[in-house]
Structure formats: C-alpha cells, structure tokens
Amino acid sequence: MTHSNAPLKESFDPLRASYRETVTEIPAVVESLEKRHTALLVVDLQYLDAAPGYGVFSHLSKGKVSKDTPEFYYFDQLERIVLPNVQRLQTAFRANNLEVIHTRIQSLTKDGRDRGPQHKRLGLHAPAGSKEAEFLPAIAPRGDEIIINKTASGVFNATNLSYILHNLGITGLFVAGVYTNECVSTAIRDACDLGFFTTLIEDACTTVTPELQKATLRALKDRYARVLSTDEAIAEINQVVAA
C-alpha cells in the first residue's frame with residue numbers, strides 16, 4: 001500500500017461561492033462599517049461561564065486553572081488571547097463612536113422561573129445582582145453602553161435585540177465572546193438570517209475544546225459570517241472609519 005503526501009482536497013461545497021458573492025464579501029459589509037452602522041456584540045463574558053469558581057465552573061478553585069485540568073484550554077485561551085483582543089476591539093469601537101453592545105445570561109427572577117427550558121435543564125442561572133451575572137472586569141460595559149439580558153442561548157430569539165439594532169440603525173455586527181459553538185454561533189446564524197452583515201472575530205472568541213473551536217469557525221466562515229482576526233478587524237476599522 002502506498003501513501004501520498006499530497007494535501008487533501010477540500011470537499012465540494014456548491015453554495016460557498018454564492019454565499020461569498022451575496023452574503024460575506026459584498027461591498028455592503030464594509031459600507032455598513034463606513035457609515036457607522038456596525039456594532040460590536042460581546043457575548044456572555046461574565047462570571048457564570050467565564051470565571052473559575054463560579055457558575056458553570058464552580059467546581060474549580062478561584063484564580064488560575066491548573067494545566068492538568070480539562071478546563072485549562074478554555075481559560076488559557078480566555079486569559080491570554082480572547083480577553084485582551086476583546087479589549088482591543090472595544091477600544092477601537094469606542095474611539096470611533098461605534099456602538100459596543102453586551103449580552104449576558106441573567107434571569108428576571110430570583111428563582112429563575114422565567115428561564116428558557118434549556119437553561120432550566122442545564123441548571124444555568126444568574127439572578128440579577130449575583131456574582132454570576134457580573135461581567136468580567138476586563139471587558140465590562142462603560143457609560144451607557146447597551147446591555148442585553150437573556151435566558152436562552154440565542155440572544156435574538158430570547159430578547160428584543162433585533163428591534164434595538166434597527167432603532168439604532170445598525171446593519172452590521174462584529175461578534176466576540178463565548179462559547180463559539182453555542183451562544184456566539186447562534187447569534188451569528190440568527191443575525192445573518194435577519195439580514196445583518198456579520199463578522200466573527202476568530203481570536204476574540206473561544207470554547208471548551210480546540211476541536212469545537214475549529215469546527216465552528218469552519219462551519220460559519222463564508223456561510224453565515226466573514227471570519228477575521230482582531231488585527232484584521234482593527235485595521236479595517238482604522239481604514240474605513242474616520243475618527
């Protein structure tokens with residue numbers, strides 16, 4: 001049996017070119033930013049799901065996560081890459097008077113009876129005023145930046161975000177946050193279906209395993225969103241938006 005070192009050919013995707021030509025690579029995507037009609041959507045960077053010792057990760061000790069634990073990848077990505085890049089994106093958007101919008105999981109009631117069925121099954125609960133509902137300090141909202149509270153994975157499905165974006169004149173979204181394969185992916189897919197121009201910032205989002213991260217980026221790229229790095233996103237902002 002012989003083995004070839006030739007690279008594997010990518011599987012044929014009959015709609016990829018059509019998506020690029022009509023959704024992700026059309027001039028309107030950049031024009032939305034140029035007209036200041038693009039917002040930064042920061043998804044669920046809060047203690048509930050992004051801090052050891054709280055909420056989903058209450059079984060861990062607070063502080064640094066050991067390299068020998070399964071959770072190390074997630075928190076290492078957050079600390080070294082995602083949070084610094086979200087900060088950079090927020091700085092760029094704020095400097096150019098572009099909207100920065102924050103989503104978080106937060107119940108309307110103390111006992112969480114208003115939560116979506118899936119969050120009830122999963123035991124996800126962050127009452128108002130709880131530590132779990134707090135944003136991580138590094139990327140917390142400033143001034144009167146808009147905060148959207150939700151009790152389901154999909155922020156468009158569970159809140160009036162679409163109505164708010166239309167009121168603001170927003171037609172495009174740069175998206176960052178956690179988890180890439182869950183709340184971030186759902187937000188992007190729904191936003192695309194609703195007609196918003198979506199851009200996923202690949203190094204400003206993460207999830208619990210590298211395999212899930214890679215698979216989700218591949219599924220969304222050139223289908224539901226452009227995929228850019230933080231450097232590419234900031235370069236585009238600096239190029240097309242007059243400060």
Side-chain angles (χ1 to χ4, degrees), residues 4-35 37-44 77 81-82 85-86 89 98-99 101 103 116 118 148 150 152-159 161-166 168-237 239-240:
S4 173
N5 291 323
L8 293 174
K9 291 184 177 179
E10 191 168 334
S11 300
F12 175 64
D13 181 349
L15 290 177
R16 173 165 292 177
S18 296
Y19 269 91
R20 284 177 173 169
E21 292 169 4
T22 62
V23 178
T24 62
E25 294 185 4
I26 56 176
V29 177
V30 177
E31 289 170 5
S32 174
L33 180 61
E34 185 177 22
K35 295 175 180 177
H37 292 168
T38 293
L40 174 63
L41 186 67
V42 182
V43 178
D44 299 356
Q77 292 290 301
I81 300 171
V82 173
N85 283 337
V86 172
L89 289 164
L98 298 168
E99 293 281 353
I101 299 174
T103 81
Q118 185 74 339
I148 304 292
K150 65 190 181 78
S153 177
V155 65
F156 284 96
N157 178 53
T159 75
L161 177 59
S162 181
Y163 173 76
I164 291 169
L165 294 176
H166 284 300
L168 294 169
I170 298 298
T171 55
L173 293 170
F174 282 29
V175 185
V178 297
Y179 295 160
T180 311
N181 61 308
E182 295 185 18
C183 295
V184 172
S185 173
T186 304
I188 286 174
R189 289 169 182 266
D190 288 345
C192 183
D193 282 347
L194 290 167
F196 295 97
F197 306 117
T198 56
T199 300
L200 175 59
I201 312 303
E202 62 182 344
D203 53 0
C205 64
T206 194
T207 188
V208 291
T209 71
E211 293 81 11
L212 281 172
Q213 178 75 359
K214 291 174 184 176
T216 307
L217 293 176
R218 183 172 182 178
L220 294 175
K221 185 177 182 179
D222 295 329
R223 203 80 177 201
Y224 296 97
R226 295 189 304 167
V227 176
L228 300 180
S229 67
T230 300
D231 286 344
E232 290 169 334
I234 291 175
E236 184 173 86
I237 292 168
Q239 181 178 351
V240 305

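Just so you know, these numbers use all the heavy atoms, side chains as well, and skip hydrogens, waters and symmetry mates.
Residues meeting the side chain to side chain contact (heavy atoms under 4.5 Å, CB included) test with L194, sequence neighbours left out: F156, S162, F196. A search for side chain to side chain contact (heavy atoms under 4.5 Å, CB included) contacts involving S153 returns C183, T186, not counting sequence neighbours.
Judged by distance alone, with hydrogens and angles left aside, the side-chain atoms of N85 form no donor-acceptor pair with the main-chain N or O of T230 at under 3.5 Å. A donor-acceptor contact shorter than 3.5 Å is absent between the side chain of E25 and the backbone of A17. T180 places a side-chain N or O within 3.5 Å of a backbone atom of T206 that can act as its donor or acceptor partner.
Pairing each heavy atom of V208 with each of L212, the nearest pair is CG2-CD1, 3.9 Å. Closest of all the heavy-atom pairs between D44 and V178 is O-CG2, 3.4 Å. The shortest non-hydrogen separation linking V86 to A204 is CG2-O, 3.7 Å. Minimum heavy-atom separation, R189 to Y224: NH1-CE1, 3.3 Å. The two residues T198 and A191 make their nearest non-hydrogen contact at CG2-CB, 3.5 Å. What you find for S32 and T38 is that their closest heavy atoms are OG-OG1, 2.8 Å.
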Pair R223-D13, side chain to side chain contact (heavy atoms under 4.5 Å, CB included): steps then yes or no:
CA-CA 10 Å; R223 203 80 177 201; D13 181 349; 2.5 Å; yes

Could you go through F197 and L33, starting from their C-alpha distance and side-chain angles, then the distance that decides it, and tell me whether this counts as side chain to side chain contact (heavy atoms under 4.5 Å, CB included)?
CA-CA 10 Å; F197 306 117; L33 180 61; over 6 Å; no

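For E232 and R226, the salt-bridge test fails: no basic side-chain N is under 4.0 Å from an acidic carboxylate O.
Here the straight-line distance linking atom NE2 of H37 with atom CG of L165 works out to 12.5 Å at 0.5 Å rounding. The CG atom of D203 sits 9.5 Å away from atom CG of L200, with the distance rounded to the nearest 0.5 Å. Atoms CD and CD1, from E21 and I26 in turn, are 11.0 Å apart once rounded to the nearest 0.5 Å. Annotation: the span from K214 atom NZ to R218 atom CZ amounts to 11.5 Å, rounded to 0.5 Å. For the atom pair I237 CD1 and L98 CG, the distance stands at 6.5 Å (nearest 0.5 Å). Here D193 contributes atom CG and I188 contributes atom CD1; the two are 12.0 Å apart, rounded to the nearest 0.5 Å.
Side chains of E236 and V30 form a contact here, defined as non-hydrogen atoms less than 4.5 Å apart.
Residue L220 forms a side-chain contact (heavy atoms from CB on, under 4.5 Å) with just one option from T216, D222, L217, and that option is T216. Screening V155, L173, D190 for a side-chain contact (heavy atoms from CB on, under 4.5 Å) with L161, the sole residue that qualifies is V155.
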